[in-house]
Amino acid sequence: MHPVEVCVYYRSRLQIHGSDILKRGLPISLFCKIKELDLSLTELSLDVLLFVVGELNIGGPYTVRTALVLSNLCKVENQTGANVLCQFYGNQSSKIAGKQCASVYLRCLNDQDPDCAAVVSVQLALGSYTTSSIHLSYLETQAIACRTRIVSPQDSRTYPGPYIILDVVRKFEDGLSIVVSPLTRIQNETDFSLELRFQRPEQERDGSALVLLKKGETMDDSTAMFDATKMSGGSKKVITSLSLGNFLFSFRPEIEGLLNPEGSPSVEWSDNIEGGKAKHLSGFFDKLSFRVRRAFSSGSIDYSFSTACCIVKLNDSNVTKLHFLVQSHRRSVPVQQPDEFKAKTSGSSHLTLQVQRDIVLLPTVQVSNLLQSDIDVFLTYTDSGKCVGRHIGNQAILAWGSTVNFYADPSEVYFNITLTAFGLCCKPLKSSDWVKKLLKQKKHCRFLDIDLDFDGGKYFASLRLSRGHRGMLEAVIFTPYSLKNETDFCLYIYGLKQKPLCREEARKVGSKISPDSGLILPPKTSASWYSKSSKIRVTLLELDSHEALLDLDALSGLSEVGVEIEAGNKVKYFAKFGVLVQPTLGKVDVPARLITLVPRFVVMNDSQENIIVRQCYLEDDMAGIITVKSKERAMLQLRNGISERHEFTLFENFIRKHRNINDDSMAYVQFHLNDPEFGWSGPICVASLGCFFLKFRRQANQMPATDNTPQYANVHVIEESSSLVLQFYRPPNVRMPYRIENLLRDSLLTYYQKETSEPEVLQPEHSIDYVWDDLTLPRRLIVQINGMHQIREINLDKVREWKPFIKVQKHERLSSRLLQDKKSQDDKSKYGGYKDMVKIGYEVYADGSTRVLRVCEASNSQKGYLRFHSREKIRLRVPCFTIHVLETKDGDESGTSVCTPVLNARIVKISMNAVFTDLHRYIQTTVQSADMEPKWSGAPFAAILRRHRAGYDDTDDCMLKFVLVLSSSTSNVKQVRYSSIVLQPIDLNIDEETLMRIAPFWRSSLNESKSASQQYYFDHFEIHPIKITANFLPGDSYSSYGSSQETLRSLIHSVIKVPSMKNVVVELNGVSVTHALITIRELCIRCAQHYSWYAMRAIYIAKGSPLLPPGFASMFDDLASSSLDVFFDPSHGLMKLPGFTSDTFKLISKSIGGKGFSGTRRYFGDIGKTLRTAGSNVLFAAVTEISDSILRGAETSGFDGMIKGFHQGILTLAMEPSVLGSALLEGGPDRTIKLDESPGVDELYIEGYLQAMLDTIYRQEYLRVRVIDNQVVLKNLPPSSSLVEEIMDRVRGFLVSKALLKGDPSTTSRPLRHLRGQSQWKIGPTVMTLCEHLFVSFAIRVLKNQARRQTANIKLKMLKRRDQEDNLPAKDAEEQPKPKVQFTWRWGIGNFVVSGILAYVDGRLCRCIPNPIVRRIVSGFLLSFLDKDDTK
């Protein structure tokens, strides 16, 4: 960062008054300006930062992906079969077993210190034998091969030892690594034990060496050389040639016991393999692209594939052939002798190279079954598909989720797949046909999908072919969708076009139903969906229920579906199911998804006793009762009940279309303990997330006189995938939400919840926990002190300082009257008694997560606010803050890493102003603009994130604004008086490849913090709505993706299934919360849940799906007094009035919330747009009603009639408020015209013509025309009776002219051509119409040019006058009046008024001009002034 300017202003002075010295000063002012701040972020720097944060216990610890965080950490990896002994500087040693690795913290990291040697000594050990030591410097990246000698511990004899390959590697993720590997390594990755036969080339007379390599084992030349010390003759020579890389080998599998024939089978040796010499595979194998797993740590690596065949014979006849895939990796390594270390450090170069080999023996084909049933897979050489008995390595039965290796000839193979459950076989698939498909592809393909048709195409599945990291042909058999039933019902599912079975027949068939009739899923079962149709119907098999339609292609992440159940006597239940989309897990990524149906609402009893649960607000209180045993779960079945009592205000009636349609069907449940002495608890909404407390009172007829203490419990409503689980705890497992303290010495305290009639009494100097009786009632506590007749209504959620119980103003008026009427001393004593009552008051403070109501005298209160004792001003300015995100890749063999830019995030004009006083701390942070630009080559978008530019945007406004006001407090809870976050509309352009480049930067915490978090009390917290214009571009998968990238891609394509988006408007509702007691972590989690739901809703809307994500009622009801969940556009001009933007939430909450309102109000859609529409409708209705009255009066009585008409219009608005009410609530009336003749196929023509005619003449934005059957419907007519009649006359005239409506025969000269059978089109009227359009357009343009010249002259005169005023002397200039800030508002209001006048004059003139051409010219000329000038 540079440059940095810091200024501190402080002034103080000392005053001496006698012996006292007074110090007086001004508040400290701190100003800081950083002109430019750049931050470059890589994965390594991020890991270093998070590592330091974790070590200092600031947070975390976090996952660290790069070992370079600890520069002295060295990883030693042993890839040989022997033990590795390492010796470092300072007698630091380590022993690593075979095929293991270890980490060592080095003491010497450089060669600057002469006493420090950055050298490691390596030797192999097996049993009591060891090899000679090899010395290697780990300061530079290198790879060497060293020939060793084996030393015997008994007689110190030496034998020829193996070559040891040492690699010093510095990689980004692993850091410094020392890898010890053999020269030759052979791995057995087959299902057989293999017998290897090694020979010397052209020296067959020397014999051979046999080695048994079991399944999954590895052999290398290092261990073989230790074994060779005990050999002699030809075998020792062969092993010595193996250590030099000069060998031939063949193999054969052991298959004894796999067959049960009359004789034992025999297997012949395969052809000799010359150390894995490179060969080319023909056919399908060579056409699929793949990425081979890297076998060596560094260097240039060559790989090749070949096949080997072993013939299986029985009684001298061939039974089958087993084909194996041989994968070979090779690289050339320079040879260094043990005594050449000093020479190497002096600069000598190696000329001798040794070839290191890694050979893997593999099966040729690997088949995985992702179907929910068993399949029989048979690989043959012909298309007959007929076989006798079981064929070794070519046929197997695969259960669901299993994988089997096959040993077929990869050059030509036929796939024969049979569904064993149905006995159906698909047509044999020939590999040569796949080659033709791949040749048609323009680029290399990583996989090939083939359709599997069973039973002539009735059933459908897919086969995906690809090559894995080992190079094998991987075949996965799957269906696009599988269905899983996790509910308690037996489900019957069938396709939209399938003919279902009747319920009785389906019950008899059961799970053996044919796929062409659907699926029957008992509870806790799953099945594959073999139909090509993605639209299914779901019904219950055992109950009389309706069907629910579900579109599998439209599912994204989570959703819900409901099934209506008929229970007799016209009683209906609703079984709601949550729908969860998951990817099908397998070794190969395939487009297979598992659709799981789970119960939407579940009750979980975590107490030690049974509980009873029932639904509230039903006509029958005993209906829908279920019993949940201890530690068990039960599904809730809901019924349509009586809605919760609502009292809607005028504002709510106006925005009723924005209310959640599920509000009327929200379900509430009650709990009952197993003890009959206690009654039912209060209701809880099953769709409200959070922790809610229940109170169980003793029933009146069983309440003992000595104990009336209620019992308490709590219910956690949480999300589990697509289910809402109500976890019941008794006793509560968290702190109680409220506590009441009575600190009065001799007064009882009576209290009860508002609108309830069960008071409770608290003894003096006692305290008690409190829980609301009914959460649906206002959360207000009615409190009365015995001896005082006044009752106070207290909001327990609102934290407040101590205040008198009796209102002081009323007492003072009462005391003054008493003093005037009675002057006696007794009355004065009474007045003094009232003064004592004024000392009694109450306060509400927070103690952790508990709100405490304390009734006490002023001396026993919390002593007001605790002052901050600081008075400072802080101002921070950062004109430009840039974050460069860099992608780190491993470079060349030198170990250097290459950093390439991925994206740049630039934040412009960051401004932070803070003012600290004794009682409050005011902090305001603004960001002028922020954008994020991709910097990698080939990015499809110029910017990922930027501010959305609209016509009404002011570029000087800040893009992001954050306001925070902290209050002082004596409790351990920090109080936030006000917090607001405002973000202007943004453009979000995301492509998948950019996301994949950012995904490796994701880090997660390794442990959850168990310490108590800091509690915050938010008096008011709000996040304004966020409007996003989104674009999303999907991408392809690449083999270089890591685990985090593959996980993210699976989430995008398999779970959420994000579609391609282009300019999709995403509206995220804002949140306004009042009186919330919450931690910052909990607040962030709930806000993330809130916005994730609206983001998923936007994805469903973008896909055009009728489904929505699983809904919820609220997320803050348990922590806040009330919350508001709405959307409005904060960037619109009407929202920029001073004080209105910040108070929009307050305005809406005051309008919709009555006195004592508690809970959450959710509204969908743009309420701000509705408000503007309603305002224009009301204004238009008032103006048109008054103007119509004035015109009618002027026509009858001239000027006097105009005055009377004006008075009549005002009187009409006052006496008939329904005129404005209909404009506010409806936006205008609707009218319907019944037709005498059916328009037939001309419905669309009539509708379009009427819509265009009315739009052209009246320019009413919301006026809509619909033609349905034999009637014409006009919707959203303007709120003016005269204008409505005029529109109706025009529409009737047109309908009469088309002979659709009876009327004057003189007007029916041009009926519809369809009715008279005339031709559809004539050239004469068309040419006349075209000429009229051209003439009107020319005339309007001529008039507009003349008007523009006149206005230009006027503007030129005004500019000259302004220049003269600017040239005035300074004194005169000071005398000129300064422009007011309200000029922008006045200009906007004036523009609105002028536009309204022009529109009004246009309407009146057009009504009085009979000629249609002249009318069009006049109207077009006047209305052209309202349009933007495109010539600027």
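Just so we're clear, the structure is a prediction, and the values are computed from it rather than from any experiment. Throughout, residue positions are numbered sequentially from 1 according to the sequence presented. Scope of the values below: all heavy atoms of this structure, side chains included, with no hydrogens, waters or symmetry mates.
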Practice task
Would you confirm whether Asp991, through its side chain, and Leu1033, through its main-chain N or O, come within 3.5 Å as a donor-acceptor pair?
Solution key: no
Practice task
Output yes when a side-chain donor or acceptor of Ser402 lies under 3.5 Å from a complementary backbone atom of Ala399, and no otherwise.
Solution key: yes
Practice task
Kindly give the heavy-atom pair with the smallest separation between Leu465 and Ala475, and that separation in Å.
Solution key: CD2-CB, 3.5 Å
Practice task
Give a yes or no answer on whether the side chain of Ser559 reaches the backbone of Leu1108 with a donor-acceptor pair at less than 3.5 Å.
Solution key: yes
Practice task
Please assess Tyr459 against Ser514 for the test side-chain hydrogen bond (donor to acceptor under 3.5 Å, both in side chains), listing each intermediate value before the final yes or no.
Solution key: CA-CA 10 Å; Tyr459 316 129; Ser514 177; 3.1 Å; yes
Exercise for the section: Give a yes or no answer on whether the side chain of Glu1247 reaches the backbone of Val1267 with a donor-acceptor pair at less than 3.5 Å. Expected result: yes
Problem - Check: Glu486/Thr596 side-chain N/O donor and acceptor closer than 3.5 Å - result: no
Exercise for the section: Return yes if a side-chain donor-acceptor contact under 3.5 Å exists between Glu632 and Asn605, otherwise no. Expected result: no
Handout entry: Straight-line distance of His323 NE2 to Leu362 CG, nearest 0.5 Å
Key = 15.5 Å
Exercise for the section: Verify the distance criterion only: is there a donor paired with an acceptor across the side chains of Thr418 and Asp376 at less than 3.5 Å? Expected result: no
Problem - Donor-acceptor under 3.5 Å (Ser722 side chain, Val579 main chain) - result: yes
Practice task
Would you check if the side chain of Asn416 reaches a backbone N or O of Phe378 as a donor-acceptor pair within less than 3.5 Å?
Solution key: yes
Problem - Any donor-acceptor pair under 3.5 Å from Thr364 side chain to Asp409 backbone - result: no
Practice task
Quick one: do Glu992 and Arg1049 satisfy salt bridge (charged side-chain N to carboxylate O under 4.0 Å, His left out)? Show the steps, please.
Solution key: CA-CA 8 Å; Glu992 185 177 323; Arg1049 193 174 188 280; 2.8 Å; yes
Practice task
Please test Thr320 against Asn394 for side-chain hydrogen bond (donor to acceptor under 3.5 Å, both in side chains), starting from the C-alpha separation and ending with a verdict.
Solution key: CA-CA 9 Å; Thr320 186; Asn394 294 328; 3.3 Å; yes
Handout entry: Lys524 atom NZ: more than 12 heavy-atom contacts under 6.0 Å
Key = yes
Problem - Test side chain to side chain contact (heavy atoms under 4.5 Å, CB included) applied to Trp400 and Leu371, step by step - result: CA-CA 6 Å; Trp400 169 75; Leu371 301 180; 5.6 Å; no
Problem - Worked verdict on Ser556 versus Lys1103 for side-chain hydrogen bond (donor to acceptor under 3.5 Å, both in side chains) - result: CA-CA 9 Å; Ser556 292; Lys1103 295 173 65 174; 2.7 Å; yes
Exercise for the section: Say whether, by atom type as modelled, one donor and one acceptor occur between the side chain of Ser723 and the main chain of Val725 under 3.5 angstrom. Expected result: no
Exercise for the section: With Val581 as reference, evaluate Leu552, Ile595, Ile1056, Leu594 under the side-chain contact (heavy atoms from CB on, under 4.5 Å) test and give the passing residue. Expected result: Ile595
Handout entry: Side-chain heavy-atom pair Gln1089, Glu719 within 4.5 angstrom cut-off
Key = yes
Handout entry: Candidate pair Met635 and Phe601, rule side chain to side chain contact (heavy atoms under 4.5 Å, CB included), full reasoning
Key = CA-CA 6 Å; Met635 177 182 175; Phe601 303 110; over 6 Å; no
Completion exercise
So NZ of Lys1057 and CG of Leu555: to nearest 0.5 Å the spacing works out to 5.5 Å
Problem - Side chain to side chain, Phe489 and Pro523, heavy atoms closer than 4.5 Å - result: no
Handout entry: Within-4.5 Å side-chain heavy-atom neighbours: Val538 and Ile493
Key = yes
Exercise for the section: For Gln615 and Leu638, run side chain to side chain contact (heavy atoms under 4.5 Å, CB included): C-alpha distance rounded to whole Å, both residues' side-chain angles, the deciding distance at 0.1 Å, then the answer. Expected result: CA-CA 7 Å; Gln615 186 178 352; Leu638 305 179; 4.0 Å; yes
Problem - Residues Arg633, Glu720: salt bridge by 4.0 Å N-O rule - result: yes
Practice task
Could you note down all residue pairs passing ring pair (Phe, Tyr, Trp, His ring centres under 6.0 Å) where residues 490-541 supplies at least one of them, sequence neighbours left out?
Solution key: Tyr492-Tyr494
Problem - Pro1110 backbone acceptor or donor facing Trp1093 side chain under 3.5 Å - result: yes
Exercise for the section: Could you tell me whether the side chain of Ser462 and the main chain of Asp451 form a donor-acceptor pair under 3.5 Å? Expected result: no
Exercise for the section: Find out whether Leu597 and Leu491 are in side-chain contact, i.e. whether some heavy atom of one side chain is under 4.5 Å from a heavy atom of the other. Expected result: yes
Handout entry: Arg600 to Phe577, cation-pi by 6.0 Å centre distance and 45° axis angle
Key = no
Problem - No-hydrogen, no-angle side-chain donor-acceptor test under 3.5 Å, Thr525 and Lys484 - result: no
Problem - Any side-chain donor near an acceptor of the partner, Ser526 and Asn485, under 3.5 Å - result: no
Practice task
Kindly indicate whether the side chain of Leu636, heavy atoms from C-beta on, has any atom under 4.5 Å from the side chain of Val669.
Solution key: yes
Handout entry: Phe324: partners by ring-ring contact (aromatic ring centres under 6.0 Å, His included), with sequence neighbours left out
Key = Phe251, Tyr407
Problem - Gln366/Thr403 under side chain to side chain contact (heavy atoms under 4.5 Å, CB included): CA gap, chis, key distance, verdict - result: CA-CA 7 Å; Gln366 189 177 75; Thr403 300; 3.4 Å; yes
